[in-house]
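Notes follow the structure.
This one's a predicted model, so the numbers in the text were calculated from it and none came from an experiment. Heavy atoms only: backbone and side chains are in, while hydrogens, waters and symmetry mates are out.
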Amino acid sequence: MQTMSQNFQSIPGVYSVTAPIEMTQTFVEVQRAVTKVGQIVILVLMAVSIITVGSTIRLSVFARRREIEIMKYVGATNHLVTLPFFVEGLTMGLISGAITSVAGIFGYAYIVQASSTLGGLWQLLMGTAMVPVDAVWPTILTYSLAGGALVGALGSMFSIRKHLNV
């Protein structure tokens, strides 16, 4: 903002330029703070999700301990014993990612629709128009499914390693 003001000031015939530089800096600081808080919230939620998946896998291991013992007695490899638990955690992650993506897409569609009823006020306040839902939904779906699969896989791997003696 300050650079643009100086550029406008150097144009012949312009006597003075008034720009809300302090207000712009305040908005930028608020945006950075909200971004940092959002990142921290995402990290905390990922940790909680990994712990939840791990606890679910631990309960599955406990419930199936007799089957696991029988599998080991008949010569099942460690990978064969751990694979169902890994698939279970991965499936839980993919289901949660699908639910998250549906909620995110519908939530974004609602915000786009609500911002269009504000007319130019949204663009005046935010400085840009909303991106259409058609351009955003594949990204939301991809990242939600990938994040869910990652969290589910990590949770199941940590839990299998800790609670399954193979």
Side-chain angles (χ1 to χ4, degrees), residues 1-8 17-63 79 82-164 166:
M1 181 70 77
Q2 189 171 3
T3 305
M4 287 176 48
S5 297
Q6 291 172 351
N7 288 342
F8 288 143
V17 175
T18 305
I21 295 172
E22 295 84 20
M23 185 174 68
T24 305
Q25 290 173 346
T26 303
F27 281 144
V28 169
E29 290 173 9
V30 167
Q31 179 190 14
R32 286 183 184 149
V34 168
T35 301
K36 291 232 185 254
V37 168
Q39 291 171 343
I40 291 170
V41 167
I42 287 173
L43 289 175
V44 167
L45 290 175
M46 282 183 71
V48 168
S49 297
I50 289 172
I51 291 169
T52 303
V53 169
S55 296
T56 305
I57 297 297
R58 182 180 67 200
L59 290 173
S60 294
V61 168
F62 182 74
H79 294 293
T82 60
L83 183 64
F85 298 106
F86 180 76
V87 170
E88 182 180 353
L90 189 65
T91 304
M92 286 189 319
L94 285 172
I95 290 170
S96 66
I99 292 169
T100 302
S101 65
V102 167
I105 291 168
F106 282 118
Y108 186 77
Y110 177 76
I111 290 172
V112 168
Q113 182 183 11
S115 70
S116 67
T117 61
L118 296 174
L121 181 62
W122 179 271
Q123 194 166 1
L124 178 69
L125 290 174
M126 297 301 172
T128 184
M130 296 288 288
V131 178
V133 177
D134 294 338
V136 174
W137 77 264
T139 305
I140 294 173
L141 182 65
T142 302
Y143 283 120
S144 294
L145 289 176
L150 178 69
V151 166
L154 287 175
S156 64
M157 283 183 359
F158 290 142
S159 182
I160 289 169
R161 184 174 297 156
K162 184 175 180 182
H163 299 289
L164 190 60
V166 290

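Taking each heavy atom of G152 and V53 in turn, the nearest pair found is O-CG1, 3.6 Å. F85 and S156 make their closest contact through O-CB, 3.7 Å (heavy atoms, listed as atom of the first residue, atom of the second, distance). For S60 against E88, the heavy-atom pair with the smallest separation is OG-OE2, 3.0 Å.
Here CD1 of I57 is found 12.0 Å from CE of M157. Values are rounded to the nearest 0.5 Å. Note that the OG1 atom of T35 and the CD1 atom of I40 stand 11.0 Å from one another [nearest 0.5 Å]. Note that OG of S49 and CG of L154 are 11.0 Å apart. Values are rounded to the nearest 0.5 Å.
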Name each donor-acceptor pair under 3.5 Å that joins a side chain in residues 97-107 to protein atoms two or more places apart or in another chain, with its distance.
from : atom 1 : to  : atom 2 : distance (Å)
T100 : OG1    : S96 : O      : 2.8
S101 : OG     : G97 : O      : 3.3
S101 : OG     : A98 : O      : 2.8

Result block: side-chain N/O donor-acceptor pairs under 3.5 angstrom for residues 140-147, not counting sequence neighbours:
from : atom 1 : to   : atom 2 : distance (Å)
T142 : OG1    : P138 : O      : 2.7
S144 : OG     : I140 : O      : 2.9

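Tested against V151, the residues I50, L94, T52 include a single side chain to side chain contact (heavy atoms under 4.5 Å, CB included) partner, I50.
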